[in-house]
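In what follows, a structure is listed as structure tokens, so that the remarks can point back to it.
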Amino acid sequence: MPRIEPRLLKGFRDYLPEVMIPRTRMLRKIAAVFERFGFEPLDTPAIEYADILMGKLGPEAEKLFYRFRDSGDRDVALRYELTVSLARVVAQYSTDLPRPFKRYQMGPVWRAEAPSMERGRFREFWQCDVDIVGSHSLLADAECLAVDHAVMQAVGVKTHLIRFNNRKLFRGLQEKLGINQDALMAAIMRAVDKFDKVGREGVEKELAALEGVDAAARQTVLAFLDLAKFEGGNDARIGKLSEFLGSAASGQLGCSELREVLVEARRMGVPEKHLLVDATIVRGLDYYTGTVFETTLSDAPSFGSVMSGGRYDGLVGLFAGKDEPAVGISVGIDRLLAALESASLLMKSKASASVLVTVFDETCLEYALKSATELRRAGVNTEVYLEVGAKLKKQLAYAERKAIPLVVIAGPEEIAAGETQLRVMGTGEQLRLKLTELPQAAMSRFVEPDPNTAAGRTWDWAFKPEMIERVPEVGGLFLLRDETRVVKFAGWAKYGDLRNAIRRSLGPAQATKVKTFDWYEIREDELSEALCEFVVARLKPEFNA
RNA sequence: CGGCUAGUAGCUCAGUUGGUUAGAGCGCCUGACUGUGACUCAGGAGGUCGCGGGUUCGAGUCCCGUCUAGCCGCCCA
């Protein structure tokens with residue numbers, strides 16, 4: 001029988017569980033942030049008529065489409081990004097949708113370009129978009145920046161830089177240069193966009209190669225470039241640019257928009273250190289009309305932009321006949337994932353299960369299945385080993401291989417006593433427990449695979465600054481334990497103060513005796529206080545005395 | 001799509017100026033261990049040397065073609 005060689009198309013890949021687990025976790029986190037800002041989910045087909053998808057992306061993008069004839073000889077293409085489909089949806093269901101229409105969409109897109117697996121460039125990759133359609137307000141633009149910052153925080157990034165600009169500045173520049181061919185201006189913008197890659201000289205070279213740009217014009221563009229990189233703070237930079245653009249009306253408008261977006265983003269709580277007004281930001285897509293933004297990670301700059309977008313007030317009009325304002329931003333999660341991995345910010349995990357229940361032999365099978373059911377009822381992800389005859393050694397090796405942290409072992413001996421053994425793979429520690437105690441013990445030994453997703457409560461976190469850092473800023477109760485899990489200190493915190501309360505609860509001498517901590521979110525301060533008093537009275541922790 | 005580099009075991013690679021039966025480490029499987037993983041020891045499986053052709057008594061090694069992968073260019077998330 002001839003064997004079919006298993007292989008993949010260049011630029012495409014399989015997502016094995018090891019990759020898929022952190023990936024789906026990240027997608028969930030991102031969706032949660034989007035919903036927190038009031039965006040609703042939307043999905044659209046991967047394939048559409050080519051003329052729709054290629055609507056206004058520009059000649060550069062058109063080359064990169066997967067485009068073909070379907071069996072009904074229709075001219076179709078795989079979607080290149082998600083925004084065009086949104087514009088189509090808004091036009092098609094115009095009267096059914098509220099304005100502003102805020103939607104998020106996560107799904108694969110395809111680009112037939114040169115892939116670079118190492119740096120997170122693929123021919124099939126996912127985008128996570130949020131867009132606001134139907135609002136001229138610059139609050140919408142600023143909200144995109146706020147969402148950007150919130151996403152970065154949610155996935156654990158601390159070194160992101162959100163750089164933004166306004167395309168109207170280029171209109172102003174065009175006016176100042178006296179250029180009336182849009183194609184030439186587009187070429188100039190593309191040259192400016194390359195600044196970060198090729199530097200000032202590189203841009204100068206690019207400009208020199210353009211026909212219709214004389215020496216004087218070149219100097220003007222370079223002067224603009226210098227102001228774009230002016231170091232002295234965002235406000236000062238906008239001031240300089242505004243001064244430079246002088247009487248060019250759209251340039252002035254661009255500057256005032258830039259100023260307003262900056263102010264509103266600050267008021268939405270985006271720290272100044274993550275914001276950079278940078279007039280060399282252009283963005284390749286042709287449909288942008290106002291604000292444009294790009295986000296890079298200082299930990300992994302070579303990955304390029306991990307999140308970007310802008311305002312595109314003309315796109316919906318292409319399908320609707322009348323223009324509707326829109327602004328949006330898109331997370332490139334494959335790139336983000338690759339960047340996080342290279343900056344070792346990614347929590348890897350190979351297994352969904354927290355517990356593996358071993359099966360000793362046929363006679364013990366029923367007991368094993370019952371244990372698993374108990375665990376699952378308590379919400380613990382549990383896997384039963386499915387080969388009944390297999391040696392314990394093999395079953396443990398399986399748990400090891402999948403990095404499942406806990407194993408339940410119950411042979412005739414344990415069953416006779418109504419017990420089971422819970423083995424902690426990391427330490428080799430083994431506990432004898434009544435079957436009824438098993439879920440509780442598993443839950444309290446359970447190591448959260450990804451502390452970033454921790455919500456509500458956790459147990460047994462290592463008492464270290466980087467773990468305390470992960471505690472959300474809510475209120476509630478916390479317990480500090482020594483290596484034998486004896487509670488050494490019980491404390492509570494007012495709403496918003498939990499992380500700090502844990503951090504300053506102990507002096508350095510006492511802190512050395514604490515190995516792990518638990519915390520529970522409680523939304524009423526009075527309740528936290530009462531529970532804490534109760535716990536202290538009951539357990540009498542050493543350091544509370 | 002243009003330029004550069006590379007394809008030998010599941011992975012990382014070695015393989016002399018062309019010379020008999022192509023090796024190592026790691027991984028995998030089995031056993032020592034009849035109730036315990038990551039350590040140790042013993043054994044085992046796994047290769048048309050990317051594919052096709054040529055030169056030669058003889059090719060993993062040299063030549064041509066082809067395919068695939070990687071890097072750079074262009075562009076982007």
Side-chain angles (χ1 to χ4, degrees), chain A residues 3 5-13 30 57-65 79-83 106-129 148 151 190-191 193-194 196-198 202 206 281-286 292-297 300 302-310 328-339 356 358-361 363-364 385 389-415 420-430:
Chain A
R3 194 173 68 98
E5 181 66 25
R7 68 220 132 102
L8 289 177
L9 286 167
K10 189 193 182 104
F12 290 76
R13 63 225 162 107
I30 293 172
L57 287 169
E60 291 295 335
E62 282 187 22
K63 283 184 257 171
L64 302 175
F65 268 83
R79 66 183 175 205
Y80 180 88
E81 39 92 81
L82 303 172
T83 314
M106 311 201 289
V109 299
W110 293 267
R111 294 184 190 178
E113 69 184 325
S116 166
M117 303 305 223
E118 296 282 306
R119 297 191 192 166
R121 282 164 49 166
F122 309 97
R123 287 186 172 169
E124 178 186 63
F125 60 94
W126 275 51
Q127 282 191 332
C128 308
D129 282 28
D148 186 321
V151 166
R190 243 176 283 135
D193 192 33
K194 285 180 192 153
D196 285 334
K197 235 183 207 169
V198 300
E206 293 261 346
I281 300 292
V282 174
R283 312 270 320 121
L285 272 36
D286 284 359
V292 286
F293 19 74
E294 272 187 15
T295 309
T296 47
L297 310 188
S302 64
F303 289 88
S305 170
V306 295
M307 196 164 177
S308 60
I329 190 159
S330 171
V331 194
I333 66 145
D334 295 276
R335 207 178 249 201
L336 182 56
L337 234 26
L356 175 76
T358 58
V359 179
F360 191 81
D361 62 22
T363 65
C364 303
Y385 197 83
K391 291 184 178 167
L392 241 198
K393 184 186 178 69
K394 201 176 171 190
Q395 302 190 42
L396 286 170
Y398 176 77
E400 162 74 14
R401 173 141 187 216
K402 283 184 66 169
I404 298 174
L406 301 171
V407 171
V408 168
I409 301 167
E413 228 177 90
E414 289 86 355
I415 295 174
T420 123
Q421 295 213 49
L422 183 67
R423 182 179 179 83
V424 181
M425 292 297 278
T427 59
E429 173 193 12
Q430 216 155 289

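Throughout, protein chains are lettered first and strands after them, A, B, ... in sequence-line order, and every chain is numbered starting at 1.
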Of B:G35, B:G31, B:C75, the nucleotide closest to the side chain of A:F360 is B:G35
B:A32 to B:U48 separation - P atoms, rounded to the nearest Å | 33 Å
>> Taking any heavy-atom pair under 4.0 Å as a contact, classify A:E124: base, sugar-phosphate, or nothing.
In response: nothing
Output for pair (A:E413 CD, A:Q421 CD), nearest 0.5 Å, gives 8.0 Å
Testing B:A77, B:U36, B:G37 for proximity to the side chain of A:R283, the answer is B:A77
When both distances are under 3.5 Å in a Watson-Crick or G-U wobble arrangement, the nucleotide paired with B:U5 is B:A69
Pairing partner of B:C11, by Watson-Crick or G-U wobble and under 3.5 Å for both distances, is B:G25
Out of B:U36, B:A77, B:G31, minimum distance to the side chain of A:S308 belongs to B:A77
All heavy atoms of A:R79 vs all of A:P108, minimum pair found to be NE-O, 2.8 Å
Closest to the side chain of A:E400, out of B:U36, B:A38, B:C75, is B:A38
Against the side chain of A:R423, the closest entry in B:C75, B:G37, B:G35 is B:G37
B:G31 -> Watson-Crick or G-U wobble partner, both distances under 3.5 Å, gives B:C41
- Message: Suppose you measure atom P in B:C29 against the same atom in B:G73; what distance do you get, rounded to whole Å?
- Response: 43 Å
Self-check item: From CA spacing to verdict: side chain to side chain contact (heavy atoms under 4.5 Å, CB included), A:F125, A:R111
Solution: CA-CA 8 Å; A:F125 60 94; A:R111 294 184 190 178; 3.6 Å; yes
Practice prompt. Verify whether one side chain among A:E81 and A:Q127 offers a donor that lies under 3.5 Å from an acceptor in the other.
Written response: no
task: For A:Q395, answer base if it contacts any base atom (sugar-phosphate contacts may also be present), sugar-phosphate if it contacts only those atoms, and nothing otherwise; contact means non-hydrogen atoms under 4.0 Å.
output: nothing
Item checked: ring centroid sep under 5.5 Å plus plane angle under 30, A:Y398 with B:G37 -> no
ask   = If the C1' atom of B:U40 is compared with that of B:A22, how far apart are they to the nearest Å?
value = 30 Å
*Classify the nucleic acid contact of A:L336 as base, sugar-phosphate or nothing, counting any heavy atom under 4.0 Å across all strands shown.*
nothing
As its Watson-Crick or G-U partner within any shown strand, both distances under 3.5 Å, B:G19 has B:C57
Side-chain contact check for A:R190: nearest option of B:A32, B:C75, B:A77 is B:C75
Of the candidates B:A77, B:G37, B:G35, the side chain of A:A397 sits closest to B:G37
Out of B:A77, B:C74, B:G37, minimum distance to the side chain of A:K194 belongs to B:C74
Under 4.0 Å, counting only non-hydrogen atoms across every strand here, what does A:S330 touch: a base, just sugar-phosphate, or nothing?
nothing
For A:K391 and B:G31, is the shortest distance between a side-chain N/O and OP1 or OP2 below 4.0 Å? yes
